[in-house]
Amino acid sequence: MPALEDSIRFVKGVGPKKAALFEKLHIRTLRDALETYPRDYEDRTKITPIADIAEDGKYAIRAVVGTEPKTTHIRKGMTLVKCTIFDESGSLPVTYFNSPYAAALLRVGQEYVFYGRVQANGHTRMLVSPQSEKVSPDADHPGRIVPVYPLTAGLTQRDMARVTEAALDAVPGDWPDPLPEVLRARYNLPDAADALAAIHRPQSAQDMTDARRRMVFEELFLLCCGLQQLKERRRADTGLVFSDASLADFFAALPFSPTGAQRRAIGEIASDCASGRPMNRLVQGDVGSGKTIVAAALCALAAKSGYQAAFMAPTEILAAQHAETLAPLLEKLGISCTLLTGSMSAAQKRAALAAIESGAAQVVIGTHALIQQSVTFHRLGAVVADEQHRFGVAQRAALSAKGQTPHVLVMSATPIPRTLALILYGDLDVSVLDEVPPGRQPVETYAVGENMRKRITAFIDKQIEQGGQVYVVCPLVEEGEMNLKSAEQHAVDLQKALPHRRVAVLHGRMKSADKERIMQAFAAQEYDILVATTVIEVGVDVPNANLMVVEDADRFGLSQLHQLRGRVGRGTRQSYCIFFGADKGQTARERLKILCKTNDGFEVARADLSQRGPGDFFGRRQHGLPALHVADPIADLALMQSAREEAEQILQTDPTLAGYPELRARVHHMFEERDDEAFN
């Protein structure tokens, strides 16, 4: 009988090539496969008659193939196969993109259950690249709930099913359960082995719901136990004391009056730095709420007490912008600033490194270059990490390790309600900037349909004519989806429509150096229009850009759209944001309307919460926390609250979890992924 630690190479059909592809998904053993949960399920038990398909979405349709599938070669390497299917209520065109094999299996007159996305195609609808299962004449509908796993190029859902099947067979009868029995009973949760079987092979929708609820509770409970232990350990640490906590001269040097929220956050930081314990604080504020000034106050406090401060930004252009903002302000106070980035010349780097090592550089601003071995700080006392979810915890830890338990401030522009932040950042103290500095104009926001295309193109031209610049954002394109703008193609179309304007394109597959070069050229006004995927979501400040156009905005989460909107409105010019997608059905229209009504990120976040809208609310990573495989902190907020309360209660009576060896082992395993010293 196979064991969970066995390699997946022992599974029939998995040779060296397939194993290398599984490796990309971090699946080496059967245990890895067991812990790779479905990202979604296709409920093929609900059959929709063709006439009842009201709007775009995924459907299971039981229908007969009515016309012979016809193949068309539309360009090199791209084929379309089309046919029509029908049931008693009507007919529906089917199009396969680059799937000649799937289409070749279809037979005219044969009945199938088709499962796939129906989308608008002009005035008609069509079914795009569906899966199909043959229905035998005497059989009931073969409907089942099909797990959908994350994949990489070259692997299929069938490959994943084969490996998870083998993994489930290897689960021993005495499978250990990390959840105390009393909790399973209190929340009516299945045991670990049953939940595992049902999450991978649910027999019914209820099965799936119960199993997921159990997995979510377990994951959040482990997370809360670990965070609570980390927080307790950090409370016992001793930290640097910044003896001079007066900030009168700092406030006097500011060219404006700070908001009440900024003063409050700066006060919390000053008291942390005087407490004798290392600060671990998150400053969370909406786009444009003035987080940089809060970070500048920490840098000033460090320098006044004879320490250095390191300010780490996710990109070179952002690091350079922070240096331009902070250097003049801090120099008024007699504090020197040094910039260190990867693209500096060898001589510039040598000079910067020498200044950092000698202590002449009191505040050092840079990118990941700051954590390289060659960087030696003279006396590092404070660390600032901007846009925290772009850095792993290990990177923050590497920067902190360059000093003796320096004070750490992390900044995030993801506006989430404070109660959620307190749960999510269980190991950090939280300051919220919930005021926008005066004088910042709201961005006029409009949601439009395709019928406005010509007018919007003319509006783009007019804004450039008046001296502005324009961002155009396209979603990431999944192969086989029609009517979605790809950045490169859209840039070509815009250049044709506006031949007298300078258009640049930027997307995630480009090299970092090329992205930096294009962003810098756009900031220097060498281009009028920047067509991009969401790589521009974080932080670049181009005050001259005053128009943001988002294509297929219905494909983004509300909070992500709000982040994108924050790229404009940074200068004196009236700014605008236009979302295409208002003609994609009532749901899309209502969601986009929320953004037209408010510029307040916390309001947008609350709407995103209540709607549980599509799109990962936090971006790809959970802000450096251990990766969550099944839980969604938004959709599962109520369970998260319960898990936190239960974790606190158990740890009050048993701080080391000595009485719960399986739970203790699982918490340690979860936090090992973080490279967190506290558990090693």
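Reckoned from all heavy atoms, side chains included, excluding hydrogens, waters and symmetry mates.
- Side chain of Q262 to backbone of I293: no donor-acceptor contact under 3.5 angstrom is found.
- A distance-only check finds no donor-acceptor pair linking the side chain of D272 to the backbone of N280 [under 3.5 Å].
- No donor-acceptor pair closer than 3.5 Å links the side chain of T376 to the backbone N or O of E357.
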Stepwise, does the side chain to side chain contact (heavy atoms under 4.5 Å, CB included) test hold for L318 with H322?
CA-CA 6 Å; L318 207 48; H322 282 316; 4.1 Å; yes
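- Separating the CD atom in E218 from the CG atom in L663 is a distance of 9.0 Å, to the nearest 0.5 Å.
- The side-chain heavy atoms of L223 and E219, taken from C-beta on, include no pair separated by under 4.5 Å.
- Residues L564 and Y471 have side chains not in contact (no heavy-atom distance under 4.5 Å, counting atoms from C-beta outward).
- Considering every non-hydrogen atom in both T656 and R664, the closest pair reads O-NH1, 2.6 Å.
- Within 6.0 Å of the CD atom in Q404, the count of heavy atoms belonging to other residues, nucleotides or ligands does not exceed 12.
- In this structure a side-chain-to-backbone donor-acceptor pair under 3.5 Å is missing from Q284 to V432.
- Scanning both residues, F522 and Q469, for their nearest heavy atoms gives O-NE2, 2.8 Å.
- Inter-residue side-chain proximity for V542 and R567 is flagged as unmet; no heavy-atom pair is nearer than 4.5 Å.
- Looking at L298 and M279, their side chains come closer than 4.5 Å, going by heavy atoms from C-beta outward.
- In this structure a side-chain-to-backbone donor-acceptor pair under 3.5 Å is present from T653 to I650.
- How far OG of S271 is from CZ of F242: 13.0 Å, rounded to the nearest 0.5 Å.
- Annotation: side chain of R565 is in contact with side chain of N599 (closest heavy-atom distance under 4.5 Å).
- How far CG of D528 is from CD of Q463: 12.5 Å, rounded to the nearest 0.5 Å.
- For the pair L330/Q362, no side-chain contact is recorded, criterion being any heavy-atom separation below 4.5 Å from C-beta on.
- Closest heavy-atom contact between G569 and S575: N-OG, 3.0 Å.
- Summarising the local packing, NZ of K24 is surrounded by 12 or fewer heavy atoms from other residues, nucleotides or ligands at distances under 6.0 Å.
- Residues D429 and E268 are not in side-chain contact: their nearest non-hydrogen atoms beyond the backbone lie 4.5 Å or more apart.
- Looking at R379, its side chain does come within 3.5 Å of a backbone N or O of G306 through a donor-acceptor pair.
- One N or O on the side chain of K402 and one on the backbone of V375 form a donor-acceptor pair closer than 3.5 Å.
- The backbone N or O of V283 sits nowhere less than 3.5 Å from a side-chain atom of K291 that would complete a donor-acceptor pair.
- Distance alone, capped at 3.5 Å, is enough to place a donor-acceptor pair between the S358 side chain and the A355 backbone.
- A distance of 5.5 Å separates CZ of F250 from CG of L329, quoted to the nearest 0.5 Å.
- The CD atom of Q563 lies 13.0 Å from the CZ atom of F556; values are rounded to the nearest 0.5 Å.
- When every heavy atom of S336 is checked against every heavy atom of A360, the shortest pair comes out as OG-O, 2.5 Å.
- Aromatic rings from Y307 and H407 are positioned such that their centres are separated by 6.0 Å or more.
- Side-chain contact between T445 and F579 is present, with heavy atoms from C-beta onward closer than 4.5 Å.
- Side-chain atoms of E646 do not come within 3.5 Å of backbone N or O of F221 as any donor-acceptor pair.
- Closest of all the heavy-atom pairs between A323 and I365 is CA-CD1, 3.6 Å.
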With side chain to side chain contact (heavy atoms under 4.5 Å, CB included) as the test, would you mind laying out the steps for H507 and C474 before giving the verdict?
CA-CA 9 Å; H507 55 74; C474 301; over 6 Å; no
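- To the nearest 0.5 Å, atoms CD1 (I518) and CD (E526) are separated by 11.0 Å.
- Side chains of E645 and Q649: no donor on one and acceptor on the other come within 3.5 Å.
- Of all the heavy atoms in N546 and G468, the pair that sits closest is OD1-CA, 3.4 Å.
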Quick one, Q229 with L657, criterion side chain to side chain contact (heavy atoms under 4.5 Å, CB included). Give me CA distance, side-chain angles, the key distance, then yes/no.
CA-CA 10 Å; Q229 287 185 308; L657 297 175; 4.2 Å; yes
